[in-house]
Amino acid sequence: MEKPKLVIDGKRIDGRGMEDLRPIKIKAGVLDKADGSAYVEWGNNKVMAAVYGPRECIPKHDANPYRALVRCTYRMSPFCSIEEHGKRGPSRRGTEISKIISEVFENVVLAEYFPKTAIDVFIEILQADGGTRVAGLTAAAVALADAGIPMKDLVCGVAGGKIDGQLAIDFGKYEDNFGESDIPMAVSPRTGEILLFQMDGLLTKEEISRIIDMGFAAIKKVHALQVEALKERYIEKEKSGAVPPAQESAEEEDAEDVPAQAANPAPAANSTNEEVPNETQAEV
Amino acid sequence: MFGEKRFGKERFGKERGGFARGFKPRGQRQPEIGRLQREAGKGGEHVSMHDAHVVVPGELLSESPRPMPFAFIDRGKTYSSVMGLYDKTSGKLVPLEGCYLPNLDDIVIGIVTEVKFSGYTLNIKSPYEGFLSAKDTREEFKLGDVVVARVKDVDEVKNVDLTDASRLEGGEIVEINSVKVPRVIGKNSSMINTIQNATKSEIIVGKNGRIWIRGGDSALAIEAILKIEREAHTRGLTDRISMLLKSGSAGSAKGSGI
């Protein structure tokens, strides 16, 4: 295939601006049998991540008596893409990506709580359109949180680079294949630590630091979506709680607060407490 | 040969009448189960949260260092490490998901997965197996037996020793997430007592999220327990459960009439 024009009138091949992300949808808790799972649609990428564990580490000689092993498996489905990917079985590329994603999570998972165990993360690319490793990583972070595994942060990733001489963020397949340079990166949004950073092609120092800045801006948006996906699970459940809200709040006071007060005077003292937020004071 | 036993007369004397465990007629086992139930009930810290909100890993809980379970401190600030419910006023963080990690004196329900000369290996619905030494029990168990036991010791590499084991005959087992167990028990066992009174079932709640139910309207009890698991993070749950139990028992009475 010949190289298409990647930037036309300041717009990219799919009509985006240089710093725009593709539409992203994240859903947590999609698989029944996994301990945690997430599904991400990132543009045309479709990624499923599943977490099993902490569970007994097999083979046993891999187990670490001090901490849990975090084992990620990145796999592209045979049907995920039109061209080059499409062979079954482990590939050189898949092995590499599995390794670097495992190392990202080794840095954020509080693995020392679960000695001798393994936490298995499976990332399955169902449909690929550029930037699958960061989409997979983003899904895996949500799945780990959904599994209740303690982590220092909810990591997320984004790819950036240079197309037709211009710097841009979140590459699609053609930008990835025909651009001058491509940088996937993963960041811990809380601390701003870079946990994964790879580069294809050539860039100047200034260009790299510019792409990192663009990446950090994009990652904020992705992180917000991750948080939203996780919280949505519980807000949704709350809605299905059967009792209409007005009735519920009335009932609440009778039954559930009484025993609570016996043990912990805090709820009763709330209205006089100085730390109480403004809304309660307004009521008084 | 039977050497030193941990359950001497001072603990079991009145209830067991000095009988050795294995020889106890089954019908008289009730007090034993009752004791385990009471002990299990102790773990039922009820979480009353007024302005609790859902937090995610890495979310800021406090600008000052406040050591608490499931949180960590970084550069003088406190962050959540799990997805959980955080109540600012009481400073309590309760996880919404997670696996069971054995703690000393937890009552757990295990399934025998291995029988050895030295004892039994039990699956306790955790990343770690429980080991019940033959020295710690007079009963003999078979592969697949359901056993209620107490955690005697957990070492730093999570070797779990169990004791005070007794077989659970018959009944049914429901499995729920272990982080929801305190909610099933309720404050001072209030929730589980409500269910027991309404369904007339014997119920033993293992801290590991296995719940054993025998007799009574067990279908209703299971329904109630699963409802608690689903809605553990919501408010006004006690009322909804007693409503369910009321309507459910009326429903099953009708059902039996037909």
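Every chain is numbered from 1 and lettered A, B, ... according to where its sequence line falls, protein lines coming before strand lines.
- For Leu154(A), the parts sitting under 4.5 Å from any heavy atom of chain B are the backbone and the side chain alike.
- With a 4.5 Å cut-off on non-hydrogen atoms, Ser188(A) does not touch chain B at all.
- Neither the backbone nor the side chain of Tyr66(A) comes within contact range of chain B, judged by heavy atoms closer than 4.5 Å.
- With a 4.5 angstrom heavy-atom cutoff, Ala145(A) touches chain B via backbone and side-chain atoms both.
- For Leu60(B), no part lies under 4.5 angstrom from a heavy atom of chain A.
- One N or O on the side chain of Lys116(A) and one on the backbone of Val157(B) form a donor-acceptor pair closer than 3.5 Å.
- In terms of heavy-atom pairs under 4.5 angstrom with chain A, the leader among Arg75(B), Glu59(B), Glu129(B) is Glu59(B).
- Across all their heavy atoms, Tyr113(A) and Tyr128(B) have their closest contact at O-OH, 4.3 Å.
- Residues Gly58(B) and Arg190(A) come closest through the heavy atom pair O-CD, 3.2 Å.
- Pairing each heavy atom of Val54(B) with each of Lys231(A), the nearest pair is O-CE, 3.0 Å.
- Residues Glu97(B) and Arg233(A) are in side-chain contact: their nearest non-hydrogen atoms beyond the backbone lie under 4.5 Å apart.
- Glu56(A) contributes atom CD, which lies 11.0 Å from atom OG of Ser126(B) (distance to the nearest 0.5 angstrom).
- Contact between Pro54(A) and Pro127(B) at its shortest, heavy atoms only, is O-CG, 3.3 Å.
- Looking at Ser242(B), there are no atoms closer than 4.5 Å to chain A (heavy atoms on both sides), in backbone or side chain.
- Among Arg55(A), Gln226(A), Met151(A), the residue with the largest count of heavy-atom pairs under 4.5 Å with chain B is Met151(A).
- The candidate from Pro65(A), Pro150(A), Ala118(A) with the greatest count of non-hydrogen atom pairs under 4.5 Å with chain B is Pro150(A).
- Interface remark: Tyr79(B) contributes side-chain atoms only to the contact with chain A (heavy atom separation under 4.5 Å).
- Contacts of residues 29-36 of chain A with chain B at a heavy-atom distance below 4.5 Å are absent; not one residue qualifies.
- For Lys220(A), the NZ atom counts as loosely surrounded, since its 6.0 Å shell holds 12 or fewer non-hydrogen atoms of other residues, nucleotides or ligands.
- Proximity of a side-chain donor or acceptor of Tyr234(A) to a complementary backbone N or O of His53(B) within less than 3.5 Å is not detected.
- No donor-acceptor pair under 3.5 Å is formed between the side chain of Lys152(A) and the backbone N or O of Ser81(B).
- If you measure heavy-atom distances from Asp74(B) to chain A, the contacts under 4.5 Å come from the side chain alone.
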